[in-house]
Amino acid sequence: MGLGQNLKKVFGGGEEKSAPIMPSVAGLGPWSYATYLQPAQILAWTASEMYRTQPHLRTVISFIARNAAQCNLQTYTRVSDTDRRRLTDSPAALLLAKPNPQTTGYELIYQLVSQLSLYDSAYLWVTQDASSDSGFKAILIPPEWVIGATYTDLWTPDEWWVQPKLAFNTQQIKIPAEQVIQFHGWDPSDPRGGLSPVSSLKEILVEQVEANKYRTLLWKNGAKTSGFVERPMDAPEWDIRAYEKFMEDLRSNFSGKGPNVGAPMLMPDGMHYNEASFSATDSQYIESVQLAFETVCGVYHVNPSLVGSSATTSYSNVKEFRKMLYGDTLGPLFEQICQRIDNMLLPMIGEAKNVYVEFNIQAKLAGNFEEQSASLQTAVGGPWMSVDEARALNNLPTLGSGFDTVITPLNVVRGGGDQANPADSAPAPADRTGPGDSQPEQQPKADLQAFLNHQYASVASKLGAMETLSLEKAWDFERWNTELGAIVSDAETVNSVTYAAFEESLKEADWKAALKKAHLSNISGILSGGQTNG
């Protein structure tokens, strides 16, 4: 029997009606009848009833589920150990993006993580569905609906028995185990299922229920101050009318409903009003609430600062706690879900063995734009975005040809050289020989261009002042080698190439123009990694 037929059988209108399954008192919900229940009865509440009534529990579970669901579950194929490719149109990717017509991928993960957090168990029912893009349909069954199972052996389930806990439904259905993927934690008494964390929290949550009951009754009765009036032994006797008048005045001044609440009252016959209630400080109400909240956070391994506690909160530690959330809190949960899907769901729908799923945690751990830009530039060794791509981020139109490629700076060598990226240009401490001195090859090549320009101007000036063109007299080898040695490692070779280019240019009739041409050609050759001799 298919999924649609089973659900139709459960929810069809032709079945005999019965009383609602969920408990109630005079038609009231769990929060309403909590006022009338004793602690023993509260301890018997189901996990879903505790979730409905306890704000701390709901806050922590919803926080975990929302942050988990925001990490998109993506599908990949492993090409090799160093290569993988994302799949967007495979059956697994399509099924996880839209499990069924009523559920989105976000809602599937939200419900799955919520059930695992509350019950430590979850059941995913997968059947074929020709009308869906993936060819399959997946529905999460509430753990409270699963009332039993039959096993082929001690560990292997054969059928799951499901009875929806909905009003006027008594119908039970049996689902073949090969259609159900069971997610569960660990129960020391039965390792085939999980043990709800709520069972460890009930004692401290009962304390909060009792405190809530007390405050509800206190405000319902209208008493803002509790106490008693002390009347002296020698005070004259009261008749009934004097007593009633005094009590009316007392309620008018001290009750929450009287017209003179807060007004001073004169006590007759030497009587005294004595305070008998406990203040919030005396009863340590705030401390008890904080303890309950922190205990719930501790059970679910969530730092209280992430869920609203501001006791020890600062920008720096919240930033680190946020990283811990996706590493220590959600990391094991993500691994549990991914392994179940990889080992059970993917083979069930016919995916290849090299296909796997993974949560996109990087999207949540990514820093701000400045941090991402700096880390990416260091990783790739230069600018990583074109002008048009940057304009697109600000919703500006493209500028066309020439602005759609990434700019390569002159001080970065692509495909050769010893300098891999600008971050490597700073010399190691051991390489320094003195203040301001460093390895010559680590200086920017823009310094070489400035040196050659200076050299051309100096040599041309000296040659112009001489009666005869004597390059040897105009050229100071020792000086040029010393200055050039601070810029490049092989100063003598570069200097000899430059000298040869200058010497060749002197053979031309217009030696000044030739000298300048040879010099500029030489600069271009050296900066491009080659050597030019004119």
Side-chain angles (χ1 to χ4, degrees), residues 66-80 82-99 101 103-110 132-134 315 318-319 322-323 325-326 355 357-417 419-426 444-450 453 520-521 523-530:
R66 291 172 64 222
N67 282 274
Q70 192 178 4
C71 296
N72 188 25
L73 189 59
Q74 299 176 344
T75 308
Y76 296 90
T77 179
R78 184 176 288 103
V79 180
S80 66
T82 58
D83 186 16
R84 67 175 189 171
R85 298 174 186 176
R86 184 179 174 186
L87 303 176
T88 57
D89 56 356
S90 67
L94 296 173
L95 178 63
L96 294 173
K98 189 176 182 182
T103 308
T104 64
Y106 176 95
E107 293 167 345
L108 175 71
I109 301 301
Y110 186 96
S132 67
D133 294 336
S134 64
Y315 175 78
V318 168
K319 188 176 180 180
R322 184 170 176 267
K323 294 179 181 178
L325 171 66
Y326 292 95
V355 175
V357 297
E358 186 176 283
F359 282 93
N360 185 21
I361 303 179
Q362 295 300 324
K364 295 291 290 186
L365 291 180
N368 55 39
F369 180 77
E370 290 81 4
E371 293 173 343
Q372 292 184 58
S373 298
S375 62
L376 287 174
Q377 184 168 357
T378 302
V380 302
W384 52 276
M385 183 181 294
S386 68
V387 174
D388 279 346
E389 289 171 336
R391 289 174 61 85
L393 294 177
N394 291 278
N395 297 319
L396 296 174
T398 61
L399 297 178
S401 177
F403 296 92
D404 55 353
T405 58
V406 179
I407 299 173
T408 302
L410 292 175
N411 65 330
V412 176
V413 178
R414 182 187 295 271
Q419 184 170 323
N421 64 66
D424 296 335
S425 60
K445 290 191 175 182
D447 292 347
L448 176 61
Q449 183 172 357
N453 288 336
L520 295 177
S521 175
I523 293 176
S524 175
I526 293 178
L527 291 180
S528 63

Minimum heavy-atom distance between G105 and P99, given as atom pair plus value
N-CD, 4.0 Å
Please enumerate all residues that pass side-chain contact (heavy atoms from CB on, under 4.5 Å) together with Q70, with sequence neighbours excluded.
K364
Heavy-atom pair with the smallest gap, counting every atom of C71 and I361:
SG-CA, 4.4 Å
What pairs with L94 under side-chain contact (heavy atoms from CB on, under 4.5 Å), at least two apart in sequence or on another chain?
D133, S134
For T103 and L108, work out which heavy atoms get closest and say how close.
CG2-N, 3.8 Å
Supply the atom-to-atom distance Y110 OH to N67 CG, rounded to the nearest 0.5 angstrom.
10.5 Å
Of all heavy-atom pairs linking F359 and I109, the shortest is CE2-CG2, 4.0 Å
Which pairs of donor and acceptor atoms, one on a side chain in residues 393-400, lie under 3.5 Å apart (sequence neighbours left out)?
| residue | atom | partner | partner atom | Å |
| --- | --- | --- | --- | --- |
| N394 | ND2 | A390 | O | 3.2 |

Residues that S90 engages under side chain to side chain donor-acceptor pair (under 3.5 Å), provided they are two or more places apart
E351
In Å and rounded to the nearest 0.5 Å, what is the CD1 to CE distance from I407 to M385?
12.5 Å
Distance from L87 atom CG to R84 atom CZ, nearest 0.5 Å?
11.0 Å
Ring pair (Phe, Tyr, Trp, His ring centres under 6.0 Å) filter on Y326, not counting sequence neighbours, yields none
How would you list, by chain and number, every residue that makes a side-chain contact (heavy atoms from CB on, under 4.5 Å) with Q74, sequence neighbours excluded?
N72, Y76, R86, N360
